[in-house]
Amino acid sequence: MKIDPWSSSTYQDYARLRDEFGIEAFTEDDWDKLPHPHRLLRRGVIFGHRGFDLILRAYQQNDPWAILTGLMPSGKMHLGHKMVIDEVIYYQSIGADIFIAVADIESYGTRGYSLTQTRDLAINEYIKNYIALGLKPERCRIYFQSTNQDVKDLAYLLGKKVNWSQMTATYGFDGSTNMTHVISPLIQTGDILHVQLEKYGGIRPVLVPVGVDQDPHIRLSRDIAQAHRLYNVTKTKDEKIGVFIKPDEQIEDLISHAESVLQSHGFTQLQSIIDYKAIYIHDATDNDITRIDQALAVTEPQFAGYGFIAPSATFHRFITGLTGEKMSSSKPESAIFLTDTLKDAEKKIMHAKTGGAVSLEQQKKEGGRPDECMIYELFLYHLIEDDKELLDVYQSCKAGKLMCGHCKKNAAEKMKSFLTDLAEKRSQAEDHISEYLSEPS
Ligand code: TRP
């Protein structure tokens with residue numbers, strides 16, 4: 001199995017995907033410590049993560065953390081695209097700094113749009129909707145890949161520790177892949193890591209909320225961040241916690257620097273072995289590893305390192321299209337676009353595939369199948385906020401008490417009032433766009 005970020009395939013078995021790629025399960029233990037957890041977190045739509053513990057820890061200790069995600073401007077914004085921004089707005093409400101990359105270079109390299117077209121799509125289709133959905137301009141920055149020199153510089157410089165075999169194995173590139181496409185994963189790594197540069201708030205945990213198709217980029221970014229670290233804090237096979245020096249120069253300086261950082265964090269039983277480029281910390285426990293790692297990371301720029309902490313990520317499932325296939329801009333009947341007219345949206349909902357039985361009698365007798373119903377998915381992902389109300393729909397459907405016609409009407413009404421409200425807010429968004437696009441000072 002391979003995850004291809006540029007294909008249009010859908011995924012069926014998310015648990016298998018998760019296990020095969022070593023993504024961790026995202027469970028109640030991960031979200032129940034957050035305030036008013038978002039419905040996408042509560043309902044298993046976000047089904048996996050890498051390194052979410054760092055985010056939770058930062059949140060709980062009131063330490064700084066940030067969100068970085070990206071949008072690919074290619075076509076109109078639909079409900080599938082809305083999920084990430086819903087998550088972002090939630091994280092903004094609980095204190096994260098927000099960065100959003102407009103992947104115009106990627107769209108140009110992989111989809112054939114011009115930079116002017118992508119700019120136009122990004123602003124009119126995405127950014128206006130983001131504002132209408134409730135993204136706030138404070139501590140929030142939206143930027144274009146093509147005009148962010150720091151991102152592009154990192155793409156060139158961080159690429160030093162990735163080779164062509166790794167790129168072909170991860171992405172299936174071959175001799176016919178154009179070079180802008182080839183470099184786009186490095187630009188995305190630049191997106192993900194640049195927010196830890198001093199100018200953008202410095203070294204801190206960063207969460208990248210994405211669809212699971214983006215996991216190859218997440219793995220690449222985490223590998224690259226790790227590869228450029230000067231210190232590696234880990235537990236050895238014989239159960240000792242140690243700090244290991246990675247470069248071959250300045251070893252003594254790096255060791256004595258680490259010793260003083262460790263001492264200032266209260267560790268006293270240090271055993272340094274220069275030949276091994278190691279410091280064993282006999283009074284550290286597993287719980288200290290992250291703390292030590294971060295304490296050292298933030299000092300790495302003193303030695304001309306980046307000190308990037310491996311970025312964390314959450315992965316969401318994809319909403320199914322109304323037709324039962326993938327929700328996709330290229331199949332308008334599968335998707336509800338945020339700019340759809342009420343009439344179009346209603347029509348698509350009334351034609352949607354449901355989990356109903358072949359006849360009313362049979363459905364009353366045997367019940368419906370909400371797990372296979374596109375209308376139920378609309379409720380679950382977008383339209384019903386109250387968990388009790390959602391559960392009630394689920395159970396009534398299964399019990400044969402709720403018929404598809406009724407649910408479709410209910411969904412259409414909810415959708416229409418959502419779209420009406422959004423259009424109203426979107427019309428006011430225009431004047432505020434520049435507040436989101438400013439450069440850091
Ligand atoms: N590749 C992403 C997509 O296809 C867009 C993107 C660019 C992105 N840079 C990013 C996503 C950084 C997350 C983080 O949608």
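Atoms within a ligand are numbered from 1 in the order they appear, just like the ligands themselves.
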Indicate whether any N or O donor in one side chain lies under 3.5 Å from an N or O acceptor in the other, for Lys414 and Asn410.
yes

More than 12 heavy atoms of other residues, nucleotides or ligands under 6.0 Å from NZ of Lys136: yes or no? no

Angle between ring planes, His49 versus Phe52, binned at 30° and 60°: parallel, tilted or perpendicular? perpendicular

- Whether Tyr171 and Phe173 hold their rings parallel, tilted or perpendicular, with breakpoints at 30° and 60°: parallel

Legend entry - Sidechain N-carboxylate O distance under 4.0 Å for Asp421, Lys425: yes

Protein heavy atom at shortest distance from [atom]:
| atom | result |
| --- | --- |
| atom 5 (C) of ligand 1 | Glu106 OE1, 3.6 Å |
| atom 4 (O) of ligand 1 | Gln214 NE2, 3.4 Å |
| atom 15 (O) of ligand 1 | Met72 CB, 3.6 Å |
| atom 9 (N) of ligand 1 | Asp191 OD2, 2.7 Å |
| atom 13 (C) of ligand 1 | Gly70 N, 3.4 Å |
| atom 6 (C) of ligand 1 | Gln188 OE1, 3.6 Å |

Which ligand 1 atoms are under 4.0 Å away from a heavy-atom of [X]?
| X | value |
| --- | --- |
| Val208 | 13 (C), 14 (C) |
| Leu68 | 12 (C), 14 (C) |
| Ala103 | 5 (C), 7 (C) |

Worksheet item: Looking at the rings of Phe99 and Tyr143, which for Trp means the six-membered one, are their centres under 6.0 Å apart?
Response: no

Closest non-hydrogen atoms of Leu158 and Val162, given as atom of the first, atom of the second and distance, are O-CG2, 4.1 Å

